[in-house]
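Here the structure comes first, spelled out in structure tokens, and everything after it is commentary.
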Amino acid sequence: MRQITYAEALKEVMSQEIKANENVFILGEDIGIYGGAFGVTNGMESELGRDKVLSTPISEAAISGVAVGAALTGMRPILELQFSDFITIAMDQIVNQAAKLRYMNGGKGSIPMVVRTPGGSGAGFAAQHSQSLEAWMTHIPGLKVVQPSTPYDAKGLFKAALDDDNPVIFYEHKLLYGIRGEVPEETYSIPLGKADIKREGSDVTVVATSIMVHRALQAADQLKKEGISVEVIDPRTLVPLDIDTIVNSVKKTNRAVVVYEAVQRGGYGAEIASLINESEAFDYLDAPVTRLGGKAVPIPYNPNLEKKAVPQVEDIVNAVKSTLVTLAK
Amino acid sequence: MKTSCANYISEIGRDRLKDMLYQMLLIRRFEETVERLFMQGKIHGTMHLCIGQEPTAVGACAALTNEDKITSTHRGHGHCIAKGTDVPRMMAELLGKKTGHCKGKGGSMHIADLEKGNLGANGIVAGGLPIACGAALTSLKKQAGFVVVCFFGDGATNEGSFHESLNLASIWNLPVIFFCENNQYGMSGNIKEMTKIEHLSERASSYGIPGEIVDGTDVLQVYEVTAKAVERARNGEGPTLIEAKTYRWKGHSRSDARKYRAREEEQDWMNNKDGIKSFREQLLRDRAVTEQEVIEIEERVKQLLEEATEFAENSPEPSIESLEADVYA
Ligand SMILES: Cc1ncc(C[n+]2csc(CCOP(=O)(O)OP(=O)(O)O)c2C)c(N)n1
Ligand SMILES: [Mg+2]
């Protein structure tokens with residue numbers, strides 16, 4: 001099968017959907033001739049026209065609300081928020097409006113909108129352009145939260161997100177835009193709430209999200225040389241979460257490490273760890289479920305410090321090893 | 001027509017005029033050096049150069065005392081230098097070194113020098129406007145007598161923060177000068193397509209404050225108009241909005257192919273509206289400086305930048321332990 005990048009997969013599915021459904025359009029800052037801050041929408045304006053690809057002023061509060069209003073009245077907008085840090089400015093419309101309108105209206109109306117936004121560190125953009133704030137969104141009833149880690153998943157999950165009648169926050173990752181992978185040309189849908197076992201193994205389950213899926217896979221390669229077999233599970237969507245796949249894996253491996261880039265404290269990994277503890281997998285555990293997340297620091301500019309702020313491959317290797325030496329009484 | 005230097009020789013003295021030329025040259029050569037270091041891979045992340053905009057930074061800051069404050073933007077190297085910061089430590093910050101103004105944790109987008117009254121660059125468009133109002137409120141509460149110049153771009157005027165800040169500053173009569181560097185573009189968005197008004201200074205009338213337009217390539221005009229606004233602010237007459245028409249010669253950041261504007265337009269600004277070239281010619285014509293003095297100024301700039309680069313390159317990296325320093329919660 002042909003290989004394309006994560007960014008190309010996203011552009012392809014957006015273009016296909018915009019052509020297929022007259023209600024779909026995209027809006028965002030610098031998404032026209034500039035192609036977006038990370039080039040995802042490159043060429044879309046010239047191909048689809050300015051009434052499908054709306055370049056907006058720098059007004060996150062307004063454009064997120066515009067997406068809500070358009071969605072409520074029959075459109076299916078895609079909003080590109082240039083960096084996920086800027087969700088802070090869009091927060092009222094996403095949290096107080098989009099997430100709740102349907103419920104507050106007694107179930108009437110729907111808000112079919114997707115907010116696409118890149119998170120994560122590693123590009124040297126420092127503290128205000130490198131955060132991983134997805135846990136905030138998962139805390140809000142009424143928002144679905146997606147975090148694709150591969151080009152294939154990005155395309156399929158995006159289609160499912162766009163077909164959903166409710167607001168979806170779709171977290172991309174700056175360091176993943178350039179990775180290549182096999183992606184079918186035709187559209188396809190990966191249901192929200194279905195985890196993917198990225199690698200089978202028998203000694204430890206590593207639940208990892210976004211860029212951490214790739215680091216976990218590298219760690220698994222290294223650990224294999226030492227005779228340790230790691231199963232890597234990518235939940236792909238945080239809300240809804242496919243806890244069953246995770247629980248079944250832990251019942252098999254008896255150990256789990258949850259790896260995520262966001263600040264460990266209060267991150268979504270804590271939720272996953274708790275769900276494992278509260279599940280039938282508890283009786284199978286040979287060690288406490290552990291979390292490996294980012295340090296509780298703003299992302300620093302210096303590249304060495306920046307790396308140290310979030311889990312790297314070696315950190316995952318070490319976390320897996322320490323969970324293996326912990327024996328339950 | 002550029003403002004003639006003749007009147008200024010008696011008003012503010014030759015030395016200060018020479019200093020303005022020195023500072024503008026220092027900013028330009030600083031940016032050229034930074035660009036080179038970036039290309040050599042010695043600076044990571046991103047950077048936003050202000051080449052072409054030197055007269056706004058220098059003219060506005062020339063109207064300030066040491067005690068006065070500024071808030072700056074992502075395109076903030078010029079503001080920082082014009083407010084009198086130590087250039088070697090600034091260069092060290094851009095290289096992410098321990099000796100940098102922010103110990104290597106801030107980088108280009110977050111340079112701050114509180115001792116010199118630079119409250120900080122900002123990675124968030126329009127993030128500095130409310131902070132400037134807060135600092136101006138301190139000045140009022142403590143009767144400290146300082147004023148605050150708040151720099152921001154044309155794109156920032158479409159953020160809610162801009163409007164909320166201008167309104168608040170006007171009703172509280174805050175000693176703040178809102179200084180808009182209208183370089184005609186956001187990242188790619190042409191301001192003519194992002195607002196319906198001809199001049200951004202017109203926005204002042206909505207808030208009942210004066211709005212001024214200046215030629216942002218004329219350092220003396222910038223100085224004069226800012227000095228008037230500063231005087232108003234110090235006299236308790238409240239804020240002013242100044243719009244300086246200018247142009248950034250380079251792309252928005254390192255990864256900009258500049259597809260959204262014509263090469264002819266760039267050439268026109270670079271060849272015909274170079275604020276440094278015209279000021280130098282003016283100074284020579286009005287006999288405020290001699291050819292020899294101009295050569296000496298160039299030489300001083302060159303030396304300082306060589307020193308700065310050497311200092312930065314030879315400075316140590318921040319220690320890994322410093323990652324969690326200065327985090328208090
Ligand atoms: C809240 C927010 N939205 C978007 C961005 C991304 N961004 C950084 S600079 C920029 C353009 C800013 O334009 P302007 O205010 O005119 O300043 P200039 O870059 O021209 O100096 C954009 C969109 C950001 N940093 N913060
Ligand atoms: Mg601008």
Side-chain angles (χ1 to χ4, degrees), chain A residues 28-39 41-43 45-46 50 54-65 82-83 85-86 88-90 92-93 121-131 174 263 265 294-310, chain B residues 43-47 74 93-98 100 102-111 122-127 153-162 185-191 193-195 252-253 255-261 317-327 329:
Chain A
E29 294 161 13
D30 306 290
I31 62 171
I33 193 163
Y34 197 90
F38 295 93
T41 61
N42 226 337
E45 182 189 82
S46 56
R50 283 186 153 203
L54 276 68
S55 281
T56 72
I58 311 173
S59 310
E60 292 80 12
I63 61 180
S64 52
Q82 207 163 68
F83 283 79
D85 311 71
F86 310 156
T88 49
I89 302 169
D92 169 54
Q93 290 298 331
S121 62
F125 294 153
Q128 295 174 336
H129 286 72
S130 306
Q131 298 169 90
K174 301 174 190 85
V263 170
R265 175 177 79 201
K295 295 262 171 29
V297 299
I299 299 296
Y301 168 69
N302 176 280
N304 306 327
L305 297 187
E306 185 184 23
K307 277 208 187 75
K308 283 286 171 191
V310 304
Chain B
I43 295 181
H44 101 135
T46 189
M47 50 160 194
H74 57 285
E93 187 57 37
L94 265 61
L95 267 69
K97 296 300 180 73
K98 184 182 172 181
C102 312
K103 301 179 192 161
K105 288 179 174 173
S108 163
M109 247 191 304
H110 303 293
I111 284 205
N122 211 309
I124 301 299
V125 168
D154 47 289
T157 64
N158 288 323
E159 287 282 12
S161 273
F162 167 85
Y185 297 91
M187 191 176 280
S188 67
N190 186 327
I191 191 64
E193 292 172 25
M194 294 298 163
T195 61
H252 169 73
S253 63
S255 53
D256 177 1
R258 307 181 336 277
K259 283 191 244 167
Y260 49 85
R261 67 188 196 188
E317 298 279 329
S319 70
I320 295 302
E321 294 72 57
S322 75
L323 173 63
E324 290 177 84
D326 300 319
V327 182

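Numbered from 1 within each chain, the chains take letters A, B, ... in sequence-line order.
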| Minimum heavy-atom distance between Ala126(A) and Gly106(B), given as atom pair plus value | CB-O, 3.6 Å

| field | Side chain proximity check, Thr157(B) to Pro57(A), heavy atoms < 4.5 angstrom | value | no

| field | chain A interface, residue from Ser253(B), Gly186(B), Gly96(B) that has the most non-hydrogen pairs under 4.5 Å | value | Gly96(B)

| request: Check whether Lys308(A) gets within reach of chain B through its side chain, its backbone, both or neither, counting any heavy atom under 4.5 Å. | output: both

| Asn122(B) versus chain A, heavy atoms under 4.5 Å apart: side chain, backbone, both or neither? | both

| Do the non-hydrogen side-chain atoms of Thr88(A) and Ile124(B) ever get within less than 4.5 Å of each other? | no

| message | Could you measure the distance from the CD1 atom of Ile33(A) to the OG atom of Ser188(B)? Nearest 0.5 Å is fine. | response | 8.5 Å

| note | Ranking Gly104(B), Ala156(B), Gly127(B) by heavy-atom pairs under 4.5 Å to chain A gives rank one to Gly104(B)

| field | Contact origin within His44(B) toward chain A - heavy atom pairs under 4.5 Å | value | both

| remark: Honestly, the part of Ala309(A) sitting under 4.5 Å from a heavy atom of chain B is both

| message | Heavy-atom pairs under 4.5 Å with chain A: which of Gly155(B), Gly100(B), Pro318(B) has the most? | response | Pro318(B)

| query | Taking atom CD1 of Ile299(A) and atom NZ of Lys105(B), what is their separation to the nearest 0.5 Å? | reply | 12.0 Å

| Between Glu324(B) and Val297(A), what is the shortest heavy-atom contact and its length? | CG-CG1, 3.7 Å

| note | OG (Ser319(B)) and CG (Asn302(A)) are apart, to the nearest 0.5 Å, by 10.0 Å

| Where on Glu60(A) is there a heavy atom nearer than 4.5 Å to chain B: the side chain, the backbone, both, or neither? | both

| request: Could you pull out the closest heavy-atom pair between Val125(B) and Ile58(A), with the gap in Å? | output: CG1-CG2, 4.0 Å

| task | Output the option from Glu93(B), Met109(B), Lys97(B), His110(B) having the highest count of non-hydrogen pairs under 4.5 Å with chain A. | result | His110(B)

| field | Exercise: identify the closest heavy-atom pair between Asp30(A) and Gly189(B) | value | OD1-N, 3.5 Å

| Which atoms of Ala329(B) come close to chain A, meaning under 4.5 Å heavy atom to heavy atom: side chain ones, backbone ones, both, or neither? | backbone

| remark: Between the CZ atom in Phe86(A) and the CD atom in Glu159(B), the distance rounded to the nearest 0.5 Å is 9.0 Å

| request: Drop me the distance from Leu323(B)'s CG to Lys307(A)'s NZ, to the nearest 0.5 angstrom. | output: 13.0 Å

| message | In the structure I gave you, are the side-chain heavy atoms of Met187(B) and Glu29(A) within less than 4.5 Å of one another anywhere? | response | no

| field | Distance in Å, Glu193(B) CD paired with Arg50(A) CZ, rounded so as to fall on 0.5 Å steps | value | 5.0 Å

| message | On a heavy-atom basis, which atom in Leu94(B) and which in Tyr301(A) lie closest, and how many Å separate them? | response | O-OH, 2.7 Å

